[in-house]
Protein chains: 2
Amino acid sequence: MENKESQQACNHTIGSHKSCISLVPIFNHLESEQMDEILMTAQSVSYKKGEIIYQADNQSTSLYIVNSGKVRIFRLSESGKEQLVRILNPGDFTGEYALFSESTHESFAEAMVDTAVCMINRTDLQAFLLKYPSISLKILAEFSTRLEQSEKQSTWFATEKVETRIAHYLIEGLAGGNHSEVLELPMSKKDLASYLGTTPETISRKLADLEAQGLIKLKPHKKIEIIDVEGLLLV
Amino acid sequence: MENKESQQACNHTIGSHKSCISLVPIFNHLESEQMDEILMTAQSVSYKKGEIIYQADNQSTSLYIVNSGKVRIFRLSESGKEQLVRILNPGDFTGEYALFSESTHESFAEAMVDTAVCMINRTDLQAFLLKYPSISLKILAEFSTRLEQSEKQSTWFATEKVETRIAHYLIEGLAGGNHSEVLELPMSKKDLASYLGTTPETISRKLADLEAQGLIKLKPHKKIEIIDVEGLLLV
DNA sequence: CGATGATTTGAACGGTCTCAACCCAAGTGG
DNA sequence: CCACTTGGGTTGAGACCGTTCAAATCATCG
């Protein structure tokens with residue numbers, strides 16, 4: 001978590017690197033020596049809560065893998081409003097834009113809590129991809145999933161009203177991980193509003209509506225009990 | 001749907017395959033013999049206007065490369081409304097979802113006019129990717145561009161009002177290809193509405209507004225003259 | 001305990017959708 | 001050649017959803 005010794009070459013903290021890299025689905029099929037080879041080129045950096053990991057304009061040409069902590073990826077629209085794109089947990093990676101295409105990326109990454117990441121340089125990574133093509137397939141799989149996700153979200157914004165988007169967000173939250181019927185929002189309602197393309201006020205109102213309809217029950221500490229999944233699907 | 005001569009092996013129409021494949025950015029750096037190797041596994045299929053190339057539920061595990069014609073990729077939302085995701089022109093490809101990840105894709109592909117495509121089988125393509133890793137890098141670049149694009153669109157839907165989205169769509173249309181100040185809409189206004197997440201009525205009204213503001217000039221045959229780019233950016 | 005920020009609630013405004021009518025261009029069949 | 005159909009496009013009026021702004025409340029943290 002709190003790697004005081006950030007910016008250090010990996011040989012100083014190989015242990016933590018290894019745990020980092022091996023977390024990542026795109027690498028976890030490799031032999032241990034291949035993994036070591038990658039580790040040699042990786043750097044570990046840590047960020048305090050609120051610090052910016054990369055910005056839209058200054059193009060960082062690295063792949064970032066979250067070791068510990070939580071990262072907010074967001075964009076700024078022309079009109080200055082920000083939209084939350086996704087949240088990275090340990091094992092997730094980002095930085096793909098500047099990595100493979102020359103276009104400058106337009107998103108920001110910010111540490112939501114104290115966070116440690118591994119950085120792999122663009123040219124290093126490309127060399128690995130050519131050397132170990134199986135990694136590419138993993139990344140391609142990841143990309144196509146993310147693309148599917150993003151296009152789905154786009155469709156939601158374009159065609160569904162806010163209440164529906166909230167309802168489906170809640171259901172997806174249930175599906176992923178929590179098998180109970182109580183889910184904990186992984187972010188503030190402000191962020192949730194940004195993620196769902198609306199305002200905190202509307203989130204607040206719609207959640208109250210859903211509760212009034214008996215579909216959910218709001219609990220303390222960002223917890224929400226899902227009472228009627230079928231009902232939510234029909235919203 | 002009723003491909004009279006669909007499913008034919010490539011040796012029946014090798015000439016057309018070569019012209020197809022060589023169009024595609026992801027392959028055009030290969031040696032001619034490598035290209036031939038890929039051609040041997042490709043199939044050529046043609047579709048009449050309006051025919052469905054693939055559907056959301058039935059998962060086709062092929063990469064589709066458009067040889068000639070025009071293809072509409074769209075999704076259906078829960079509520080049954082359709083949203084146009086993108087339009088494929090010759091050289092563009094699709095089918096990436098089912099290709100690399102196991103998840104079922106949720107989009108539809110429909111021929112907008114008579115269209116010919118090359119299909120490359122999933123397992124064949126994966127073998128090529130492992131054999132010629134440079135192709136992966138090309139595809140990764142393409143994916144990251146598309147992802148960037150999709151997330152940008154998502155942000156637009158979430159944060160910008162319809163008029164702004166239209167204005168930016170027009171400007172992007174100018175940037176890509178037409179260096180003149182007249183652009184021709186590549187689709188009906190109905191489709192444009194679907195693409196921009198609004199209704200045909202609103203498109204009609206907003207375009208009229210923009211014309212009234214002296215920013216554009218509507219011309220016959222889906223043509224629009226851009227008069228004031230700066231002004232459009234400020235909308 | 002005070003300060004700061006997140007959340008809730010209310011009221012008014014505004015944008016966009018919906019629905020309906022109408023127009024227009026391109027076919028089609030008599 | 002003309003009625004008729006068909007589908008895209010336009011225009012108008014009203015309803016509705018969600019935003020905005022303002023104020024009050026709650027939470028968290030030093």
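Throughout, protein chains are lettered first and strands after them, A, B, ... in sequence-line order, and every chain is numbered starting at 1.
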S.K.: Sugar-phosphate atoms are those with a prime plus P, OP1 and OP2; base atoms are the rest. Using that split, label each nucleotide of nucleotides 12-25 of chain C B, S or - for protein heavy atoms under 4.0 Å, 5' to 3'.
M.R.: ----SSBBB-----
S.K.: Between B/Asp114 (side chain only) and B/Lys49 (backbone N and O only), is there a donor and an acceptor less than 3.5 Å apart?
M.R.: yes
S.K.: When you compare the side chain of B/Thr115 with that of B/Lys48, does any pair of heavy atoms fall below 4.5 Å?
M.R.: no
S.K.: So, B/Arg205 and B/Glu163, do they make that salt bridge, N to O below 4.0 Å?
M.R.: no
S.K.: Tell me the interatomic distance from A/Lys222, atom NZ, to C/dT7, atom C1', rounded to whole angstroms.
M.R.: 9 Å
S.K.: Taking the cut-offs as 6.0 angstrom to the six-membered ring centre and 45 degrees off its axis, would you call B/Arg72 and B/Tyr47 a cation-pi pair?
M.R.: no
S.K.: Rounded to whole angstrom units, what separation is found between the NZ atom of A/Lys190 and the P atom of C/dG5?
M.R.: 9 Å
S.K.: Look at the rings of B/Tyr169 and B/Tyr195 and say which category their plane angle falls in: under 30° parallel, 30 to 60° tilted, over 60° perpendicular.
M.R.: perpendicular
S.K.: Using 0.5 Å steps for rounding, measure from the CG atom of B/Leu218 to the NZ atom of B/Lys223.
M.R.: 13.0 Å
S.K.: Using the heavy-atom set of chain B and a strict 4.0 Å cut-off, write down the first and last nucleotide of DNA chain D that makes it in, 5' to 3'.
M.R.: D/dG8 to D/dA13
S.K.: With respect to the phosphate group of C/dT7, does any side-chain polar atom (N or O) of A/Lys189 fall under 4.0 Å of OP1 or OP2?
M.R.: no
S.K.: Donor-acceptor pair, B/Ser150 side chain versus B/Arg146 backbone, under 3.5 Å?
M.R.: no
S.K.: Is it the case that the side chain of B/Ser194 and the backbone of B/Glu82 share a donor-acceptor pair, with hydrogens and angles ignored and the cut-off at 3.5 Å?
M.R.: yes
